[in-house]
Amino acid sequence: MTTFFNHQAIEQKWQRVWADSAINQTGPAKGKKKYILDMFPYPSADGLHVGHPESYTATDIMARYFRFKGFNVLHPMGFDSFGLPAENYAIKQGVHPQIKIQENIVNFRRQIKSLGFSYDWSREVDTSSPEYYKWTQWLFLKLYEQGLAYKRLAPVNWCPSCQTVLANEQVENGKCERCETDVMQKNLEQWFFKVTAYAEELLNKIDDLDYAEALKATQRNWIGKSEGAEIEFVIKNEELRIKVFTTRPDTIFGATYLVLAPEHELVKSLKLKAENLNEIDSYIKAAQKKNKLERTDLAKEKTGVELQGIKAINPANQAEITVWIADYVLTDYGTGAIMAVPAHDERDWEFAKKFNLPIKEVVVKVMGNRKLVAECRDGVAAVLVKNGKVAILYNKKTDEYRIISGGYEADEDDFTTLKREIVEESGYIDFEIKDYLGQIEANFFAKGKNVERHKFHKGYLVNLLSDRTVSTSFEEDEDFNVLWVNMEEAIEKLSTAGSGEDEFVKRVFDFKQRCFAGEGTILNSGKFDGLSSAQAKDKIIKFVGGQKQVQYKIRDWLVSRQRYWGAPIPIIYCVKCGQVPVPEKDLPVLLPQDVDFKPTGESPLARSQSFHQVSCPKCGSPARRESDTMDTFVCSSWYFLRYADAGNQQAAFSPKAVKYWLPVDLYIGGLEHAVGHLIYSRFIVKALRDMGIIKIDEPFLKIRNQGIILAEDGRKMSKRWGNVINPDEVVEEYGADTMRMYEMFMGPLEDMKPWNQKGIIGLRRFLEKIYKYVTSDKEITNAQSQITNADMERSLHKTIKKVTEDIENLRFNTAISAMMIFMNDVAGHEPAVSQDILEKFLIILSPFAPHLAEELWQSLGHPESIFKQRWPAYDDKLVIDEEVTIAIQINGKLRETIKVKRWLSEKELRPKVESLPNVKKFIGGRPIKKFIYIENKLVNIVA
RNA sequence: GCCGCGGUGGCGGAAUUGGCAGACGCGUUGGACUUAAAAUCCAAUAGUAGCAAUACUGUGAGAGUUCGAUUCUCUCCCGCGGCACCA
């Protein structure tokens, strides 16, 4: 590649100057501020990958832009340096994690600096340094004081390969997110942070935050709120009550059995009273052998066992119902017991079908809209409420279906109605009822009869047994029936019928649809009949003496780890006093250097006598130190607070510094941290707020997630595929500015996009074009047309406007495109533009390509850095063109364009337009029906 | 299954209170310069038909609203991400 400028010399020169002049150092805490933050990296041995510069460039542009705008900007960088990879490397290679991680940090810092980011390195943090983790331990103690950190025996996730427990957030599809080993369940005593105490606030504050919809949805899903009720079922002849959680109290009249999870606390005593203890025991044993993944496998057929001889009483209708144990009920959600409503819950339906349990329908689907029907009531002869029957007749021989519908007569039962209607309408006499399809409520307007209909229909599938017929008079109106059709036709022709028959057709072909799990109108529920589900819920909860209840899926955060390379948990176990927190003055609890850190399942720290054996800080008795370390996510859940006051020796941070700098105004990082790091950080901030230590509710006002950069082959970059792009090589060959520009130009920040090695050249050419234009004496050889400085002034102001707006909206790709358009305007035209125009252009370029902009700025005779300048303002008058091109359409098709003065009136414009030859041609002498004029944009002539 | 995001040339992408689809860049083709190549510069570049002017088609599919739809509404298909026996 020919080089018109020596990027290496320029970049080295300015990186040195900037470092020496401390130009990126954060100002004292006063004036208007912006806190622009990147997710700090884990300093892996592989060094930076191209995803890092993507988000770092974006934040760097923002930081530089806001400095130009006169803001005091905090833009820090640091390293999340505790964690497993360094430890695993240490185990393999025998190098202490600390040594390896420091090497990696040196490399990371070099790489980051080579890209010319404007970080304030004086505030760098390193989570594995005692100066930092002292305060991580302090944070732990603060949470401990509040009861937000606690130790508890609980079923936890255990990774047999990493030899440690994991938080729920670190398990993906039952596998360890780090090593993809199947995670086991173990009952262990572990440390937790009480995130659930903030579940509600974590959920409802999401609405006010400026996060991408994907991030919000992910967090909402993870928190998993559902509102319902807890209701007690009495066990017959026993003093026992079983509490169930349900979100559908409106279906309780349809609860035909109860189900307990195998681990439910009442199972132990109940099974002894059952008649089939052995069967029950073997079922429980079998269930507990399965791991979580097997238990929750949706494809698996449901299993269960009845507690024979035991009956519960449905509190709604006093019916005696059976009690079952089944592992489709989860132990750790709700109360670990459910009321089963097979008619309205697919899982209960499946279970009931398998074990032949009663299915009672208490909610019907509502078709059509009662309100709409009411609105078109005017002029309707009568309101007819007549309940009907729909039979779907199936002819096995021809594999065809036919719909027959009709109403009750007098007090007929279902079968009599069906029989009569089928004979009357079709003449067939030999059939049997095969399946009940459920009930629906239909609301519609029958045009032919001019009546509004509001009915309940029951549907049946009826098998034709032979072709025998009797002659009928076919009195019924055949137009209302679709005669024999095959399956596809039945679905197609009837799915738009809208009167409710279509719903039954669906239920014929889709077995699952026969279990209606939606909300509707209540039936078979005593005095609640006719209410909607929504209306019935509260009333029924009251009626059965239940309690309204909210459930969340999110669990407390398991923070202890049985590994070496983490912050030690500052707790001491005294023989006399029990759990004793390490006094703050004794912090940090230093990680011992001389430990065999091989993982064995026991915490490696337990093997260090000097670490382990201590005396109680309270009474001096013999004691032992907690030997677990903290999850690295604890370190990263507060680092953004430390940046505000990084050098503080006396405290984690001063309230004053946090008050000024926090919350973070813009945080950019990967979406993979949606439920781990980001929820943890939000939790920690809320906990510290409630302790009165800080005053903010949320750590991050605005979060954007950079999209993954894929390899050229469209796959993820991975050593395995050998398709990884090394940023160092790109910087060396094309330069840091080109690299920055390319990554910003690839596409929208948040989109996933593939790398294209050839595409980089376009950005390099663009920078060269600028360099040549500014440094040469502007003898443009290929002058195509004359252009005035006033024209260029306009072009510049348009560009400033576009780039300013695009930066504020993080649309860097179109900002660069706008600058390219400006250069295309300038270059190749004579005469050259004024120095003033060039200088302003360099300023708006400088956040993107800081080295080149600074170099050219200096070459224009400025001794002071370009980054000391102010952002150029644009003049609205110069941005708007006086002449506009108006598109002329005839009947919606573009036929001509015309250049006119801006804001030309229709009166002035119309004759001009109508006299255009093309317009005359396409109108072809027809009269003009309509002349639509959108000012400054378009004319559409309808002829 | 539920929730969220998306589907536009050969490729990355642009255009949204509904108003000229394909900006900008890559690639490709042709030309200039050169002994030659690279680099650079100029031109063309959605598809189909045509020598051409031009015409028709075209933003995942189908329908709808509208003078006008990539943009709004409905139905469906496909891709990505999250949750998932959560009662």
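For B:G18 and B:G13, the P atoms lie 25 Å apart once the distance is rounded to whole Å. Separation of the C1' atoms belonging to B:C11 and B:A61 is 24 Å when rounded to the nearest angstrom.
For the residue pair A:Trp557 / A:Glu169, no side-chain donor-acceptor distance below 3.5 Å is found, with atom types taken as modelled.
Residue contacts shown for A:Arg765 are limited to sugar-phosphate atoms, with no base heavy atom under 4.0 Å away. Nucleic acid contact class of A:Gln889 (heavy atoms, under 4.0 Å, all strands): base. Heavy atoms of A:Met339 sit nowhere under 4.0 angstrom from any nucleic acid atom. Nucleic acid contact for A:Lys553: base, since at least one base atom lies under 4.0 Å from a heavy atom of the residue. No contact: A:Lys929 has no heavy atom under 4.0 Å from any strand. A:Lys300 comes within contact range of at least one nucleobase, with a heavy-atom separation under 4.0 Å. Using a 4.0 Å heavy-atom cutoff across all strands shown, A:Ile932 reaches at least one base atom of the nucleic acid.
Counting heavy-atom neighbours within 6.0 Å of A:Asn809 CG, excluding the residue itself, gives a total above 12. Shown here is A:Lys300, whose NZ atom has more than 12 heavy atoms of other residues, nucleotides or ligands within 6.0 Å.
The base of B:C83 has none of its N or O atoms less than 3.5 Å from a complementary donor or acceptor on the side chain of A:Asn221.
Checked for salt-bridge contact, A:Lys920 and A:Glu896 miss the test: no charged N lies under 4.0 Å from a carboxylate O.
Close to B:C85, at under 4.0 Å from its OP1 or OP2, lies no side-chain N or O of A:Lys290. Remark: A:Arg895 is in phosphate contact with B:C56, judged by side-chain N or O atoms under 4.0 Å from OP1 or OP2.
Nucleotide B:C5 forms a pair with B:G79, judged by Watson-Crick or G-U wobble geometry with both contacts under 3.5 Å. Pairing of B:G58, defined by two Watson-Crick or G-U wobble distances under 3.5 Å, is not identified with any nucleotide. For B:A53, there is no paired base (Watson-Crick or G-U wobble, both distances below 3.5 Å). B:U35 makes up no base pair with any nucleotide shown, lacking Watson-Crick or G-U wobble contacts both under 3.5 Å. Shown here, B:G10 forms a base pair with B:C26; the pair counts as Watson-Crick or G-U wobble because both key distances fall under 3.5 Å.
A glycosidic torsion no more than 90° from 0 defines the syn conformation; B:G12 lies beyond that range and is anti.
The side chain of A:Asn813 lies closest to B:A14, out of B:A23, B:C3, B:A14. Among the nucleotides B:A15, B:C26, B:G19, the one closest to the side chain of A:Asn756 is B:C26. Side-chain atoms of A:Ile821 lie closest to B:A23 of the nucleotides B:A23, B:U54, B:G19. Considering only side-chain atoms of A:Lys753, the nucleotide from B:G82, B:A87, B:G13 that sits closest is B:G13. If you check B:G25, B:A15, B:G19 against the side chain of A:Leu938, the one that comes closest is B:G19. Among the nucleotides B:C85, B:C80, B:U57, the one closest to the side chain of A:Met752 is B:C80.
Between A:Trp222 and A:Thr218 the shortest side-chain heavy-atom distance does not fall below 4.5 Å. Side-chain contact between A:Arg704 and A:Ser55 is absent, with no heavy atoms from C-beta onward closer than 4.5 Å.
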